[in-house]
Amino acid sequence: MSRPVRVRFAPSPTGPLHIGGVRTALYNYLFARKMGGKMLLRIEDTDQNRFVPGAEEYIQEALKWIGIEIDEGQGPGGPHAPYRQSERKEIYQKEAQRLIDEGKAYYAFDTAEELDAMRKRLEEANAPAAQYNAITRMQMRNSLTMKPEEVKARMDAGDPFVIRLKTPRKEEVRLNDLIRGWVNVHSSAIDDKVLLKSDGLPTYHLANIVDDHLMEITHVIRGEEWLPSAPLHVLLYRYLGWEDTMPQFAHLPLLLKPEGNGKLSKRDADLGGFPIFPLQWTDPVTGVTARGFREDGYLPEATINFLALLGWNPGTEQELFTMDELIASFDLTQVHKAGARFDIQKAQWFNHQYIRLQPDAALAPTVQQQAEADGFNCSLEKAEKIAALLKGRVNFAHEIFTEAGTIFNAPTTYDEAIVTAKWNDDAKKAVAVFRDALQMFNGAFMADEIKHTLGDAMQQAGIKQGKIMQAMRLALTGSGAGPDLMLTMEIIGKEETLARLEKALTTLG
RNA sequence: GGCCGAUUCGUCUAGCGGUUAGGACAUCGCCCUUUCACGGCGGUAACACGGGUUCGAUUCCCGUAUCGGUCACCA
């Protein structure tokens, strides 16, 4: 009963991983680590029509970026390889055949047109549900209604067929979801799902159950969209004879649109101007690029912190968590049941928190690169100082350079409102006096020293420092607001400081 | 529409029969500051509705409403 915990993240490589998928992976990972278990990655590529080149690599890279380590599966490999479902075809076929042999599944030859006609007819007849089930299957073309010779003849002739589950007419299917508790569904609500498609590949339902069993998965943690088919899966475990080792289910609440109705979609991201994918993704067919959290400047630690708290809460008032802290406090039973609206503002706040905690040296390269891309000379040392000065003011690392505009660019214009309000005789005098004092100054050009020099100069000139500070800022940056002025002067250097003071004096008169 | 699930401030949530219904984001105000931010402090703001059960319901039960998911040879 107490088997070692093994969970899996099983995405389909049909495009970039949705941020909701990342959260599912994260919850699986947190649970695995918390329980001292293993995290597997399985690629569910049974739909050949939807296969997108590059998607699998994208998934690997995204998980790596976010800090989710795969213990076993596609990538690191393991004892249950292969971990790509398209390479496990025979395994599913064997199990499907077993179900046929045991009378729990049957062959069906219905064409798409015939199925459509059946559904349409049922709908028009006001049937409660237009499905292929215990009642309707007797009117369809399958091995239950056809003579064995005919079935064999069609198969020998190479006619396409599928294998369908022979769902019982009346049976109560119960399942105990770790998050939702008992969920009961009557088997009449489950239809005769296709298990094996006519191309010989399994559908999700079969492949999933077979693999989870073979890979000894103990907990299936997945999105709520799977809840309706969970009873079917229970039925499959039963029919396959694996019910005693059936994994426990935990269905996660979905991520909803920031506003309006429905689940979070790509369109919301475009409309709201925020990413919905962990990494940037360029569609191989259309060439259209979609933004990513990483490229938009979100730190992985901020992203997981944000995601972890979207639908789960440890019950304490802690907001900031490292991955290890998340692992330590994670508990599946504390996952919220209702869907969570996606609010990018909170993600930005988390990023702000982590940016200000970053060492200056970690932020410096970003600043330096941007500066150089804009044609400015910027040593790493200078970039580090700028990072220190501005990191507390921004949400993203790339905003530091933007905020540092007045450091790199000498003012070409001066804020009119500030000029009118503050550029008076005292201000002119103060700037001139300070310039003179600075010219005489030959110590280390550091913020503290500059502050003293300014203070002394103002005192000697009989000017109240507080009255002229904004004018001083205006002279140096052209603006009335900005980061600490002394540090700003230290960073731009003595020569540039003097030049700017001089220029203000001549320009503003 | 059938089935399944959900419902606490605008948003993410705590709460698991008795609370001034707590925290965070956002918002507003104050303080700090040479300014703008940051930060600190504080304010506004919620138990969907109706019945039960109970001495007492946000909490338990039943309806209603609303929202979400799902009804493919897609996952």
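The figures that follow rest on heavy atoms only: side chains count, while hydrogens, waters and symmetry mates do not. Every chain is numbered from 1, with letters handed out A, B, ... down the list of sequences.
Here, rC25(B) and rC41(B) have their P atoms 11 Å apart, quoted to the whole Å. When the C1' atom is compared between rA21(B) and rU8(B), the two are found 8 Å apart, to the nearest whole Å. The gap from the C1' atom of rC60(B) to that of rU66(B) amounts to 22 Å, rounded to the nearest Å. Taking the P atom of each, rA6(B) and rA14(B) are spaced 14 Å apart, rounded to whole Å. As rounded to the nearest Å, rU19(B) and rU59(B) have C1' atoms that lie 12 Å from one another. For the C1' atom pair drawn from rA26(B) and rU34(B), the interatomic distance equals 29 Å after rounding to whole Å. On the C1' atoms, rU7(B) is 15 Å away from rG15(B), given to the nearest whole Å. If you take atom C1' in rC61(B) and the same atom in rU27(B), they sit 39 Å apart, rounded to whole Å.
We find that CG of L122(A) is positioned 16 Å from P of rG2(B), with the value rounded to whole Å. In this structure, CG of L474(A) is placed 11 Å from C1' of rU35(B), rounded to the nearest angstrom. Distance CZ (F350(A)) to P (rA24(B)): 12 Å, rounded to an integer number of Å. Rounded to a whole Å, the CG atom of L476(A) is 16 Å from the P atom of rU35(B). Rounded to whole Å, the distance from NE2 on H186(A) to C1' on rG2(B) is 14 Å. Between the NZ atom of K464(A) and the P atom of rU34(B) there is a distance of 12 Å, rounded to whole Å. Across the protein-nucleic acid pair, R222(A) atom CZ and rG5(B) atom P stand 16 Å apart, rounded to whole Å. The CG atom of L320(A) sits 10 Å away from the P atom of rC25(B) (whole-angstrom rounding).
The nucleotide rC3(B) finds its pairing partner in rG69(B), both defining distances of the Watson-Crick or G-U wobble pair being shorter than 3.5 Å. Pairing for rU64(B) goes to rA48(B), judged as Watson-Crick or G-U wobble with the two contacts each under 3.5 Å. Remark: rU27(B) base-pairs with rG43(B); criterion is Watson-Crick or G-U wobble with both hydrogen-bond distances under 3.5 Å. rU53(B): no Watson-Crick or G-U partner with both key distances under 3.5 Å is found in any strand. Shown here, rU20(B) forms no base pair; nothing in the strands shown gives a Watson-Crick or G-U wobble contact with both key distances under 3.5 Å.
When each of D45(A), D47(A), N208(A), D211(A) is tested with Q85(A) by the rule side chain to side chain donor-acceptor pair (under 3.5 Å), just one qualifies, namely D211(A). In summary, of the residues considered (K89(A), R84(A), E90(A)), a side chain to side chain contact (heavy atoms under 4.5 Å, CB included) with E87(A) occurs for R84(A) alone.
Nearest-nucleotide assignment on RNA chain B puts the 5′-proximal partner with R23(A), out of Q318(A) and R23(A).
Under 4.0 Å is where a charged nitrogen must lie from a carboxylate oxygen, and between E259(A) and R341(A) no such pair does. Using a 4.0 Å cut-off between charged nitrogen and carboxylate oxygen, R238(A) and E171(A) count as a salt-bridge pair. Of the charged side-chain nitrogens involved, at least one lies within less than 4.0 Å of a carboxylate oxygen, so that R42(A) and E44(A) count as a salt-bridged pair. K193(A) and D191(A) are joined by a salt bridge, as a carboxylate oxygen and a charged side-chain nitrogen come within less than 4.0 angstrom of each other.
D192(A) and Y106(A) are linked by a side-chain donor-acceptor pair at a separation below 3.5 angstrom, with hydrogens and angles left out of the test. Side-chain polar atoms of H251(A) and R222(A) form a donor-acceptor pair below 3.5 angstrom.
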Would Y132(A) and N142(A) count as a side chain to side chain donor-acceptor pair (under 3.5 Å) here? Give the steps.
CA-CA 11 Å; Y132(A) 206 120; N142(A) 53 52; 3.0 Å; yes
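Across all strands shown, L485(A) has heavy atoms under 4.0 Å from base atoms, whether or not it also approaches the sugar-phosphate.
Judged by distance alone, with hydrogens and angles left aside, the side-chain atoms of R23(A) form no donor-acceptor pair with the main-chain N or O of A308(A) at under 3.5 Å.
Judged by distance alone with a 3.5 Å cut-off, no donor-acceptor contact links the side chain of K346(A) to the base of rA26(B).
Atom NE2 of H186(A) is surrounded by more than 12 heavy atoms from other residues, nucleotides or ligands within 6.0 Å.
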With sugar-phosphate taken as primed atoms, P, OP1 and OP2 and all else as base, the protein-contact string of nucleotides 36-44 of chain B at under 4.0 Å (heavy atoms; B, S, -) is BBSS-----
Quick tally for nucleotides 62-75 of chain B: nucleotides whose base has a protein heavy atom under 4.0 Å get B, sugar-phosphate-only ones S, the rest -, giving -----SBSS-SBBB
